[in-house]
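As structure tokens, the structure follows; a few thoughts come after it.
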Amino acid sequence: MSLPSTSDKSSHLIEQASHSADQAIRTTQQAATGVVDSAANSLQDLRHQTTPMLERASEQISAMAHRGMDSVRETSHQLRVKAEHASDTTSNYIRQEPVKAVLIAAATGAALMALVSLVARSRDRG
């Protein structure tokens, strides 16, 4: 009966270790591939979920901007109409009551000059 030599045992152990290392590498590669695939699927799902939300948000922002612009246009138009009405009313009053209009204008001018003079004096003191 012959006993296996030490060299044969060493070769056998090295072969087993090599085989085990190959299996560990394959298992690690499979696990890494699974993790990468799972991450890719999760990102794809996330993209599919967020795209409609971003599109809706964009549409809502655009709608708000249009409403804001419409509101500014409407307010501007209303102010223009009111200014024209005030101008017409003032012109009519001046035509109907010219003496009163001149007296009101003079009194307003004097009051404004007094106010400007008062403000100028308070600045000089301070």
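Since we're looking at a predicted model, the values are computed, not measured.
How far NE2 of H19 is from CD of Q23: 4.0 Å, rounded to the nearest 0.5 Å. Atom OG of S18 is separated from atom CG of L13 by 12.5 Å, given to the nearest 0.5 angstrom. To the nearest 0.5 Å, atom CD of residue E59 and atom CD1 of residue I61 are 10.5 Å apart. Distance check, rounded to the nearest 0.5 Å: OG of S122 to CG of L118 gives 6.0 Å. Atom NE2 of H85 and atom OG1 of T90 lie 9.0 Å apart (nearest 0.5 Å).
Not counting sequence neighbours, E15 has no partner by the side chain to side chain donor-acceptor pair (under 3.5 Å) test. The side chain to side chain donor-acceptor pair (under 3.5 Å) test applied to N92 returns R95, not counting sequence neighbours.
Grouped with V35 in a hydrophobic cluster is no other residue, since no side-chain heavy-atom contact under 4.5 Å to another Ile, Leu, Val, Met, Phe, Trp or Tyr is found. Cluster note: I104 groups with Y93 through ILVMFWY side-chain heavy atoms spaced under 4.5 Å, whether in direct contact or through intervening members.
Contact of the S71 side chain with the T75 side chain is registered, since non-hydrogen atoms from C-beta on lie closer than 4.5 Å. Between M53 and R56 there is a side-chain heavy-atom pair separated by less than 4.5 Å.
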Show every donor-acceptor pair shorter than 3.5 Å between a side-chain atom in residues 41-50 and any protein atom, with sequence neighbours excluded, or say none if there are none.
residue : atom : partner : partner atom : Å
N41     : ND2  : D37     : O            : 3.3
S42     : OG   : S38     : O            : 3.0
Q44     : OE1  : R47     : NH1          : 3.3
Q44     : NE2  : H48     : NE2          : 3.1
T50     : OG1  : L46     : O            : 3.0
T50     : OG1  : R47     : O            : 3.4

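Sequence neighbours left out, the pairs with a member in residues 64-79 that pass salt bridge (Lys or Arg N to Asp or Glu O under 4.0 Å) are D70-R73.
When atom types are taken as modelled, the side chain of S87 and the backbone of A83 share no donor-acceptor pair closer than 3.5 angstrom.
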